[in-house]
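Notes for the one structure printed next.
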Amino acid sequence: MIETALTLLKDGLAALTDLAAFVEEKSGLPLTITTDAQSATPPCALVLPSRGNYGVNGGAGSCGFSVTLILPFFGGSMSDVLHAVDLLGGGLYRATARAPDGTRLTRVEVGEIEETGDRPGVWAVSFFCEFAY
């Protein structure tokens, strides 16, 4: 079930063409989606599993993923960052399909939005995405 949810999330992120176009316009680079923190190169959406539970005796289960949007908007403003946040947060539910087994996105939550201290102009935005099955 968690593997199915991960596939749905990655496909949903890839379907956010408005977000990808905006990020490329602001950074000059294409947005990538990765699950490998070692090879994450901005701009990217780093997706990592963060929790899961399996329903017993026919009960429902759920799982969650941490998504970190890393944006190198060197000349950009907070307004640009918030626009990217709105494109992801507002569009992900519509862009993420429901699996035949019933696995579906149920919540998108924005966490911290911060400019990295060691690299001014590079922003990190954390999201939590929850799936039910």
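Note on Leu46: it does not cluster hydrophobically with Leu6, by side-chain heavy-atom contacts below 4.5 Å among ILVMFWY residues. Two different hydrophobic clusters hold Leu48 and Leu105 under the rule that ILVMFWY side chains link at heavy-atom gaps under 4.5 Å. Following chains of ILVMFWY side-chain contacts shorter than 4.5 Å, one can reach Leu9 starting from Tyr93, so the two form part of one hydrophobic cluster. Placement of Leu82 and Phe128 in two distinct hydrophobic clusters is found when ILVMFWY residues are connected by side-chain heavy-atom separations under 4.5 Å, directly or transitively.
Interatomic distance, Glu130 CD to Arg51 CZ, rounded to the nearest 0.5 Å: 6.0 Å. Between the CG atom in Asp101 and the OG1 atom in Thr4 there is a gap of 5.0 Å [rounded to 0.5 Å]. A distance of 8.5 Å separates CG of Leu19 from NE2 of His83, quoted to the nearest 0.5 Å. Residue Ser27 holds its OG atom at 15.0 Å from CH2 of Trp123, rounded to the nearest 0.5 Å.
Scanning all heavy atoms of the two residues, the minimum distance from Val122 to Phe74 falls at CG2-CE2, 3.5 Å. Residues Thr106 and Ala132 come closest through the heavy atom pair CG2-CB, 3.7 Å. Here the closest heavy-atom approach between residue Phe22 and residue Asp80 is recorded as CE2-O, 3.3 Å. Across all their heavy atoms, Pro43 and Val23 have their closest contact at CB-CG1, 3.5 Å. A pairwise comparison of heavy atoms in Met78 and Ile113 identifies SD-CG2, 4.4 Å as the closest pair. Contact between Leu8 and Thr103 at its shortest, heavy atoms only, is CD1-O, 3.6 Å.
Looking only at side-chain heavy atoms (C-beta outward), Val125 and Glu114 stay at 4.5 Å or farther from each other.
For the 3.5 Å distance criterion, the side chains of Thr34 and Asp36 fail to qualify, holding no donor opposite an acceptor.
Checked against Leu13 for a side-chain contact (heavy atoms from CB on, under 4.5 Å), the options Val47, Thr32, Leu31 give a single hit: Val47.
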Please report the C-alpha distance between Leu16 and Leu88 in whole Å, then the side-chain angles of each, then the deciding distance to 0.1 Å, and finally whether the side-chain contact (heavy atoms from CB on, under 4.5 Å) criterion is met.
CA-CA 7 Å; Leu16 295 175; Leu88 190 152; 4.2 Å; yes
Can Phe127 and Leu92 be said to form a side-chain contact (heavy atoms from CB on, under 4.5 Å), step by step?
CA-CA 11 Å; Phe127 292 86; Leu92 188 58; over 6 Å; no
Quiz: residues 53-73 side-chain donor-acceptor pairs under 3.5 angstrom, not counting sequence neighbours:
| from | atom 1 | to | atom 2 | distance (Å) |
| --- | --- | --- | --- | --- |
| Asn53 | OD1 | Ser62 | N | 2.7 |
| Asn53 | OD1 | Ser62 | OG | 2.9 |

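The main-chain N or O of Glu115 is never found under 3.5 Å from a side-chain atom of Arg119 such that the two would form a donor-acceptor pair.
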